[in-house]
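The analysis underlying the following values was restricted to heavy atoms, covering all of them including side chains, and did not include hydrogens, waters or symmetry mates.
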There are 2 protein chains.
Amino acid sequence: MKLSFAEENYIKTIYQLTDAGKKGVSTNDISASMKLKPASVSDMLRKLGDKGVIDYRKYYGVHITEEGKKYALSTIRKQRLWEVFLVEKLRFSWDEVVDVADELEHIQSTVLIRRLDEYLGFPKFDPHGDPIPDEYGDVRVRPRVSLNEIDLNATGQIVAVKDSSAAFLRYLDKVGAYIGARIKVIEKVEFDGSIEILIDNKKTIFMSKDVAGNILIMV
Amino acid sequence: MKLSFAEENYIKTIYQLTDAGKKGVSTNDISASMKLKPASVSDMLRKLGDKGVIDYRKYYGVHITEEGKKYALSTIRKQRLWEVFLVEKLRFSWDEVVDVADELEHIQSTVLIRRLDEYLGFPKFDPHGDPIPDEYGDVRVRPRVSLNEIDLNATGQIVAVKDSSAAFLRYLDKVGAYIGARIKVIEKVEFDGSIEILIDNKKTIFMSKDVAGNILIMV
DNA sequence: ATTAGGTTTTAGCTATGGCTAAATATTTAT
DNA sequence: ATAAATATTTAGCCATAGCTAAAACCTAAT
């Protein structure tokens, strides 16, 4: 079965909005993320449900099926390989690539993607640090380290927290840290283990050894 | 103004079917070339006429406008640059590239094409020997020589004839030569100037000095 | 338990770009 | 010059994928 451009975009978005939690992805979330009206989304969800790539129960959000995951991962693989190409070969900066990669990811040709992968030296991560699924949809999970353990001037991305208490998350939120944020360690204070980090190249924050120990970084 | 995928394909086809002669390109020719029904073509011609990229007089075929040429050349430029990329960087053979390039040529991004051009070293011809228009639509015309003048084992493409009488063209047609055919000189007979050529790697034909002198080759 | 507010779906419209079948125009052959 | 053949266009249909407005549904507060 072949998905249209629009269908590929939907399934990719649904996959990416899917949380570990068991609640389905809501129509409104998809609508907001894709900048389409909820009515249009409803319509498409019905179609995607008929095609078997999502489980769709009216009013209760959608869950992606195994079949659907295959399509999502295939599209994500293409998108990220093209992003590598644009940045490494055509000197695009990493914020310029999104629009173009979003078009390129819909080109249909297994051979093309296989050759592109080979040409790029089988990269495992895209310029944003996100993993590139292999041909079979397998994703290499990048090892995570605590923010305490990484070196001065090292960069990474916040991928998880050890302590997920409301208090801790509220604190992170207040200082501007969040899952997905890009960070760089710009100061390590030896005597108390506290550090200073730069978030998204915009804002610097201090944090204690305790806090840093609870933040997991993907290098 | 932005043309849709379908519109881009039509205008490209019309440009390529346009002959030096003053008769317009017919609905049937376009229909045959694009493998669409004549009725669909008629409909699109009306739309393209409204957009000003072609001159459309019902029942009398279409002529491309200067505006239209710009779009056609831009699409052809993209197509041929992608073909060079596929063949030179991704090791596609020159007959595999058409389908993929036909999809890639519709990606919208001036920057992308400029960078790709640069990355490929500003190529002037695609893998089929066809010229790549520059950013302003200018095409480098490749020098043409008479088939008499090229060396044994040299290859080239038939691009024109000096004698365009019906008799001569009918003769060429009969032996299987045509504008666009790839040829290779496989025998040169010194004493009468006749030659033997291989057409499209498929068929060999003999021709007299006279005939060869009236065929123009692009090396 | 009912209602208000937010979310989601349905119904009906639009545009694009195909199609078939029928009508019409042009060209060719008698 | 007219009839037959060919080419082209029109009319009306289908699918995709968006939209607005109205209806239906869910949830949370009274």
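- Judged by a 6.0 Å distance limit and a 45° cone about the ring axis, B:Arg80 is not positioned over the six-membered ring of B:Phe125.
- The side chain of A:Tyr60 approaches D:dT27 more closely than any other nucleotide in the set D:dA17, C:dT9, D:dT27.
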Step-by-step salt bridge (Lys or Arg N to Asp or Glu O under 4.0 Å) determination, B:Lys124 to B:Asp134: CA-CA 8 Å; B:Lys124 295 294 171 282; B:Asp134 71 16; over 6 Å; no

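- Within the 4.0 Å cut-off from OP1 or OP2 of D:dT8, at least one side-chain nitrogen or oxygen of B:Asn28 is found.
- Within 4.0 Å (heavy atoms only), B:Tyr56 reaches sugar-phosphate atoms of the nucleic acid but no base atom.
- B:Asp29 has its CG atom 11 Å from the C1' atom of D:dA7, to the nearest Å.
- Within residues 45-52 of chain B, the residues approaching DNA chain C are B:Lys47, by heavy-atom distance under 4.0 Å.
- OP1 and OP2 of D:dT9 both lie 4.0 Å or more from every side-chain N or O belonging to B:Tyr59.
- As rounded to whole Å, 16 Å separates atom P of D:dT16 from atom CG of A:Asn9.
- To the nearest angstrom, C1' of D:dA17 lies 15 Å from CD1 of A:Ile30.
- For D:dT10, the OP1/OP2 oxygens have no side-chain nitrogen or oxygen of B:Ser42 closer than 4.0 Å.
- Not one N or O on the side chain of B:Ser33 forms a donor-acceptor pair closer than 3.5 Å with the backbone of B:Asp29.
- Not one side-chain nitrogen or oxygen of A:Ser26 sits closer than 4.0 Å to the OP1 or OP2 atom of C:dT7.
- Considering only side-chain atoms of B:Lys58, the nucleotide from D:dA17, D:dT10, C:dT26 that sits closest is D:dT10.
- In the displayed structure, A:Lys184 atom NZ is contacted under 6.0 Å by at most 12 heavy atoms of other residues, nucleotides or ligands.
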Dump every N/O contact between nucleotides 18-22 of chain C and the protein below 3.5 Å, one line per pair.
residue, atom, partner, partner atom, Å
C:dG18, OP2, B:Tyr10, OH, 3.3
C:dC19, OP2, B:Lys37, N, 3.1
C:dC19, OP2, B:Ser40, OG, 2.4

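- The backbone N or O of B:Thr27 lies less than 3.5 Å from no partner atom in the side chain of B:Ser31, so there is not a single donor-acceptor pair.
- No side-chain heavy atom of B:Val41 sits under 4.5 Å from any side-chain heavy atom of B:Met34.
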Passes side chain to side chain contact (heavy atoms under 4.5 Å, CB included), A:Ile132 versus A:Val139? Steps please. CA-CA 6 Å; A:Ile132 299 172; A:Val139 176; over 6 Å; no

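- For A:Asp126 (side chain) and A:Val84 (main-chain N/O), no donor-acceptor pair under 3.5 Å exists by modelled atom type.
- Here the two rings, on B:Tyr10 and B:Tyr15, have centers that are 6.0 Å apart or farther.
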